[in-house]
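What follows is one structure encoded as structure tokens, with my remarks underneath.
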Amino acid sequence: MGSIKLMKTAKIGYVILSLIFCVIGVVLIMAPGAITPVLAGTFGILLILFGIVRIIGYFSRDLFRLAFQYDLAFGLLLLVLGVITIWKAEDFMIFISIVLGIYVLADGLLKVQIALDSRVFGIKYWWMILIAAVAAGIIGCILMIRPSGSVLVLAVLLGWCLLAEGILNLVTVLLAVRIIRHQQPDRIENVSIYM
């Protein structure tokens, strides 16, 4: 698969799965009683799919090398989290509130760096990535700490966390990934490590 096809696949996958995360987040905020083992299984599958998309993004060669630079590790992490979420569907809330909180906090922190790098690259709306990253990081931290043990409160926090992560990924991929039809991937040719 060519580099541009990989980038398009990753970008489209990011957008679709981020929108799904936003929708699930809104549903959980509006109807926190919707948490069921079936939702846990569905959520596990979404984590696996998003992990695959992030790995594809890492191996694409986007022009700025910003949005996908940490996606190999995060993609593998999402694959593992997805499998565990499906396997532990009955303990979904306890598991996911801690692990997803840590994941979103870490993703937010790394995307702060992406925002600052975007500024250096001259991306006009780099500050949108920064605001979304800080907001997602704060919400991830709150979910991880879990100020209340109530399942309904955790479901609402999970909804906010998914919504923040979905928005963060949408903003990042739409602002920092550029697909240019005749873009040539970086190549280092005829370079000897022994000079």
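Atoms SG and CD1, from Cys161 and Ile138 in turn, are 12.0 Å apart once rounded to the nearest 0.5 Å. The CG atom of Leu174 lies 9.0 Å from the CE atom of Met128; values are rounded to the nearest 0.5 Å. We find the CG-CG distance between Leu78 and Leu47 to be 6.0 Å, quoted to the nearest 0.5 Å. Interatomic distance, CD1 of Ile102 versus CG of Leu77, reported as 9.5 Å (0.5 Å rounding). With rounding to the nearest 0.5 angstrom, the CG atom of Leu143 is 10.5 Å from the CG atom of Leu105. Separation of atoms CG (Asp117) and CD1 (Ile129) is listed at 10.0 Å; rounding is to 0.5 Å.
Phe74 and Leu72 fall within the same hydrophobic cluster, where Ile, Leu, Val, Met, Phe, Trp and Tyr residues are linked whenever their side-chain heavy atoms come under 4.5 Å apart, directly or through other members. The hydrophobic cluster containing Leu168 does not contain Leu109, counting ILVMFWY residues as joined when their side-chain heavy atoms lie under 4.5 angstrom apart, directly or transitively. Leu157 and Val27 end up in different hydrophobic clusters when Ile, Leu, Val, Met, Phe, Trp and Tyr side chains are linked at under 4.5 Å. Criterion: ILVMFWY side-chain heavy atoms under 4.5 Å apart, direct or through other members. Under it, Val23 and Leu100 are not part of a common hydrophobic cluster. Put simply, Val153 and Leu158 are part of the same group of oily side chains (I, L, V, M, F, W, Y) that touch within less than 4.5 Å, one to the next.
Across every non-hydrogen atom of Ile139 and Ala164, the tightest pair is CD1-CB, 3.8 Å. Heavy atoms only, all atoms of each residue included: Gly159 and Leu28 are closest at CA-CB, 3.7 Å. The heavy-atom pair separating Ile167 from Cys22 by the smallest distance is N-SG, 3.7 Å. The two residues Leu170 and Leu19 make their nearest non-hydrogen contact at CD1-CD2, 3.6 Å. Across every non-hydrogen atom of Gly25 and Leu162, the tightest pair is CA-CB, 4.0 Å. Among all heavy-atom pairs drawn from Gly82 and Ile48, the shortest one is CA-CG1, 3.8 Å.
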Open item on the list: Would Val80 and Ile84 count as a side-chain contact (heavy atoms from CB on, under 4.5 Å) here? Give the steps.
Closed with: CA-CA 6 Å; Val80 171; Ile84 294 172; 3.7 Å; yes

TODO: Evaluate side-chain contact (heavy atoms from CB on, under 4.5 Å) for Lys111 paired with Tyr70, printing each intermediate quantity in order.
DONE: CA-CA 9 Å; Lys111 285 191 174 141; Tyr70 304 110; over 6 Å; no

- [ ] Just do the side-chain contact (heavy atoms from CB on, under 4.5 Å) check on Leu76 and Ile55 with the steps written out, would you?
- [x] CA-CA 7 Å; Leu76 293 171; Ile55 291 169; 3.8 Å; yes

Task: Residues Phe43, Ile86; criterion side-chain contact (heavy atoms from CB on, under 4.5 Å); working and verdict - done: CA-CA 8 Å; Phe43 188 67; Ile86 293 169; over 6 Å; no

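The only option from Leu163, Val26, Leu46 that meets the side chain to side chain contact (heavy atoms under 4.5 Å, CB included) definition with Phe21 turns out to be Leu46.
No donor-acceptor distance shorter than 3.5 angstrom exists from the side chain of Asp107 to the backbone of Tyr103, with no hydrogens or angles considered. With hydrogens and angles ignored, the 3.5 Å screen pairs a side-chain donor or acceptor of Ser60 with a backbone N or O of Gly57.
Proximity of Leu116 to Trp126: side-chain heavy atoms (C-beta onward) are separated by under 4.5 Å at one or more points. In this structure, the side chains of Ile114 and Thr172 come closer than 4.5 Å at one or more pairs of heavy atoms.
Remark: Val156 engages Pro32, Trp160 in a side-chain contact (heavy atoms from CB on, under 4.5 Å) (not counting sequence neighbours). For the side-chain hydrogen bond (donor to acceptor under 3.5 Å, both in side chains) test, residues two or more places apart in sequence or in another chain that qualify with Asp71 are Tyr14, Arg54.
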